Colleague: 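First, the structure itself, so that you have it in front of you.
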Amino acid sequence: MTIEQRIIEAVQAAVKQLYGMEADSKQVQLQKTKAEFEGHLTVVVFPFVKAARKGPEQVGQEIGEKLTELLPDVVSKFNVVKGFLNLVISDAPWISLLNQINATPQYGFKQATAESPLVMIEYSSPNTNKPLHLGHVRNNLLGSALARIVEAGGNRVVKTNIVNDRGIHICKSMLAWLKYGNGETPASSGKKGDHLIGDYYVAFDKHYRAECEALAKEYVASGMDAEAAKEKAKQEAPLIKEAHEMLVKWEQNDPEVRALWRQMNEWVYAGFDETYRMMGVSFDKIYYESETYLEGKQKVLEGLEKGLFYRREDGSVWADLTSDGLDEKLLLRSDGTSVYMTQDIGTAKLRYEDYPIDKMIYVVGNEQNYHFQVLSILLDRLGFKWGKDLVHFSYGMVELPNGKMKSREGTVVDADDLMAAMIEDAYTASADKMKTLDMPEAEAREVARMVGLGALKYFILKVDARKNMLFNPEESIDFNGNTGPFIQYTYARIQSILRKAADQGIEIPEALPTSISISEKETTLIQKLSQFPAAVAQAGTDYSPSGICNYCYELTKEFNQFYHDFTILGETNSDVRLFRLSLAKAVAKVSKLGMGLLGIEMPERM
RNA sequence: GGUCCGGUAGCUCAGUUGGAUUAGAGCAACAGCCUUCUAAGCUGUGGGUCAAGGGUUCGAAUCCCUUCCGGAUCACCA
């Protein structure tokens with residue numbers, strides 16, 4: 001039982017004895033004491049004032065006295081300021097807490113059992129016509145961090161990816177490749193497959209736009225209104241018509257089109273795999289829309305039979321959501337083909353057949369909030385038990401200083417380029433340092449990789465996911481202040497101390513004796529460490545990787561202040577030295593666990 | 001227009017289920033600290049009407065209402 005729990009129970013007992021009040025654990029508000037006041041933990045007494053029919057000061061005094069009586073080994077002193085009862089905790093409980101932290105391998109994590117809820121997390125979900133960009137990076141990092149956090153909360157987790165491998169956009173790339181490609185392959189060009197295909201997607205758009213302009217001019221010359229001419233040109237351009245024809249052929253299983261499609265997708269997947277590996281992202285199960293897009297239709301027709309949906313005169317199928325305060329939503333086109341929503345229903349069906357899911361989390365951008373609101377209602381109506389409370393983990397866009405990223409305008413930040421640039425920056429920034437550490441080149445490269453990616457990951461994850469965030473590529477990401485490298489660096493310094501201690505033959509015992517007397521700053525640090533499980537649990541229920549970032553930063557900052565004021569190896573009292581080593585070890589351990597949840601690796605030296 | 005989400009320091013962002021006379025970090029600016037376990041660090045200074053107004057109460061950046069600003073969405077696109 002933690003110190004907090006013991007105090008909460010004691011407060012409950014105290015108010016019962018003193019005022020006959022049955023306080024539930026939520027009424028006992030226990031918080032960290034502000035720095036200006038003496039004490040570690042503070043009980044807010046206002047909730048008990050009414051039952052006591054006394055002033056807050058007196059109530060605080062009475063509860064405080066009772067607590068020293070009930071928990072003599074924990075509460076050594078107390079003081080009351082206004083309605084706040086500040087408790088001073090004695091040293092021994094802190095030390096045994098530290099022992100416990102060091103003795104627990106995955107401190108703060110809950111272990112899943114066969115009965116734990118099965119949570120499926122969908123993220124990444126790329127299109128196969130272009131390489132991943134910064135927006136995808138945010139998606140992937142959030143999704144994989146979330147998966148680890150939810151897992152640490154004691155759930156079973158399945159990470160899944162739905163690849164959008166069909167549709168008009170892929171046909172555009174294919175067509176451009178046929179027309180302008182001269183048989184170029186990743187091997188012959190030396191380009192990554194996804195970049196190669198992306199280039200042809202851009203080429204298509206370039207030629208298509210040229211056609212549109214020329215056509216529009218013709219229409220205008222023949223007396224058409226400028227706007228109307230533009231619209232008509234967009235549809236009549238030969239290239240787009242060809243692309244549509246290709247899509248039809250694809251759907252008809254035309255062997256040539258399918259072969260080309262498979263070939264190009266393979267190239268793209270090889271490229272994606274490389275990007276995923278660099279990002280440290282992986283999946284347990286990948287679904288392809290080409291395999292799932294027909295599935296939803298059946299489910300929709302089933303719903304139609306049950307009277308959940310209705311058919312219009314033209315043959316299209318709709319869901320009426322007006323009773324839920326929403327609009328009517330198209331589910332099947334008049335020609336019987338699926339729309340996006342239908343596909344998501346189909347994917348849901350397949351997933352449910354593959355796994356007994358208890359909860360589904362979709363990591364998808366906030367531009368699709370409405371879509372998921374609708375999907376949730378539809379899945380619920382169709383009888384999926386997790387439909388109603390599916391989670392759309394909705395995240396904001398990444399904006400650039402001059403506005404949004406637009407692939408057409410060439411204002412995208414490419415994921416591969418970005419990661420490479422971060423690693424390169426980290427390398428140049430640390431070159432001098434590595435020399436003084438006598439680090440071999442291979443290790444320096446490895447450290448630069450961890451630090452560069454750590455900076456990027458932390459930078460993206462520390463922002464509240466649902467907010468839009470600004471990314472300035474020119475200023476790039478710095479390595480000072482509230483950053484990943486700051487936390488990595490502190491970790492590396494602690495490792496260095498631990499190595500030196502080992503060199504000096506100092507052995508840190510498994511458990512320290514609880515008789516050591518420790519200082520205020522040290523208890524603060526232990527207190528911070530003890531909040532890690534709560535931070536993990538909170539991040540799990542709030543779906544908030546940024547909460548972990550904040551925790552890791554605060555812990556690291558507090559350690560740095562401690563590190564500045566106290567010597568560890570230089571301490572002459574050997575008991576105190578062991579205690580501080582043990583404390584540093586725990587800080588390193590917890591920050592590594594926390595950063596691990598974010599997918600950030602910790603170098604042993606840097 | 002309907003719905004949803006944001007608005008906190010010059011900039012990027014924190015701020016736990018409402019809590020403490022003084023709302024926090026980092027960056028940028030300025031001033032210090034490497035003879036001391038790694039200076040990617042530490043200390044200090046300046047910088048705020050928490051968009052605006054009203055309400056709820058012992059107590060509001062936090063909850064409720066109104067207004068203003070920004071974004072997303074409301075397709076037989078995905």
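Just the heavy atoms: all of them, side chains too, but no hydrogens, waters or symmetry mates, feed the values below. Predicted model, so just to flag it, every value in this text is computed and none were measured. A note on names: the letters A, B, ... follow the listed sequences, proteins ahead of strands, and every chain is numbered from 1.
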Colleague: Quick one: which of rA39(B), rC37(B), rU12(B) gets closest to the side chain of Leu470(A)?
Modeller: rU12(B)
Colleague: Identify whether any heavy atom of Tyr370(A) sits under 4.0 Å from a base atom; if not, whether one sits that close to sugar-phosphate; answer base, sugar-phosphate or nothing.
Modeller: sugar-phosphate
Colleague: Is the distance from OP1 or OP2 of rC77(B) to the nearest side-chain N or O of Arg333(A) less than 4.0 Å?
Modeller: yes
Colleague: Using the six-membered ring wherever Trp is involved, compare the ring planes of Tyr543(A) and Phe393(A) and label them parallel, tilted or perpendicular (cut-offs 30° and 60°).
Modeller: perpendicular
Colleague: Of the nucleotides rG41(B), rG19(B), rC42(B), which one has an atom closest to the side chain of Val44(A)?
Modeller: rG19(B)
Colleague: When all nucleic acid strands are considered with a 4.0 Å heavy-atom cut-off, which category describes Ala584(A): base, sugar-phosphate, or nothing?
Modeller: nothing
Colleague: Evaluate the ring planes of Phe471(A) and Phe459(A), with Trp represented by its six-membered ring, and classify them as parallel (under 30°), tilted (30 to 60°) or perpendicular (over 60°).
Modeller: perpendicular
Colleague: Are Arg312(A) and Trp318(A) in a cation-pi contact, defined as NZ or CZ under 6.0 Å from the six-membered ring centre and within 45° of the axis?
Modeller: yes
Colleague: Check whether any side-chain nitrogen or oxygen of Lys467(A) sits under 4.0 Å from OP1 or OP2 of rA14(B), and answer yes or no.
Modeller: yes
Colleague: Set out, line by line, the N/O atom pairs under 3.5 Å between protein and nucleotides 26-36 of chain B.
Modeller:
| from | atom 1 | to | atom 2 | distance (Å) |
| --- | --- | --- | --- | --- |
| rG26(B) | OP1 | Lys557(A) | NZ | 3.2 |

Colleague: Base, sugar-phosphate, or nothing: which does Phe471(A) touch, judged by heavy atoms less than 4.0 Å apart?
Modeller: nothing
Colleague: Take the angle between the ring planes of Trp250(A) and Trp261(A) and call it parallel below 30°, perpendicular above 60°, tilted in between.
Modeller: perpendicular
Colleague: Classify the nucleic acid contact of Asp542(A) as base, sugar-phosphate or nothing, counting any heavy atom under 4.0 Å across all strands shown.
Modeller: nothing
Colleague: For Phe486(A) and rG41(B), is the gap between ring centres under 5.5 Å while the planes differ by less than 30°?
Modeller: no
Colleague: Over all strands shown, is Gln368(A) touching base, sugar-phosphate only, or nothing at heavy-atom distances under 4.0 angstrom?
Modeller: base
Colleague: Do the charged groups of Arg449(A) and Glu424(A) touch, with an N to O distance under 4.0 Å?
Modeller: no
Colleague: How would you label the contact of Arg466(A) with the nucleic acid (heavy atoms, under 4.0 Å): base, sugar-phosphate, or nothing?
Modeller: sugar-phosphate
Colleague: If the glycosidic angle is within 90 degrees of 0 it's syn, otherwise anti, so just tell me which one rC4(B) is.
Modeller: anti
Colleague: The side chain of Gln538(A) is closest to which nucleotide in this list: rU17(B), rA39(B), rC76(B)?
Modeller: rU17(B)
Colleague: Considering just the side-chain nitrogens and oxygens of Arg605(A), establish if one lies under 4.0 Å of OP1 or OP2 belonging to rU38(B).
Modeller: no
Colleague: Under 3.5 Å for both pairing distances: what stems, at least three Watson-Crick or G-U pairs long, include RNA chain B?
Modeller: B:1-7 with B:68-74, B:10-13 with B:24-27, B:29-33 with B:41-45, B:51-55 with B:63-67
Colleague: Could you check which of rA39(B), rA78(B), rG6(B) has an atom nearest any side-chain atom of Tyr489(A)?
Modeller: rA39(B)
Colleague: Ring centroid separation for Tyr458(A) and Phe486(A), is it under 6.0 angstrom?
Modeller: no
Colleague: Side chain to side chain contact (heavy atoms under 4.5 Å, CB included) with Phe559(A): which of Thr490(A), Leu529(A), Leu583(A)?
Modeller: Thr490(A)
Colleague: According to the interplanar angle, ranging from 0 to 90°, do the rings of Phe566(A) and Phe562(A) count as parallel (below 30°), tilted (30 to 60°) or perpendicular (above 60°)?
Modeller: parallel
Colleague: Heavy atoms from C-beta onward define the side chain here; which of rU21(B), rA20(B), rA78(B) lies closest to that of Phe37(A)?
Modeller: rA20(B)
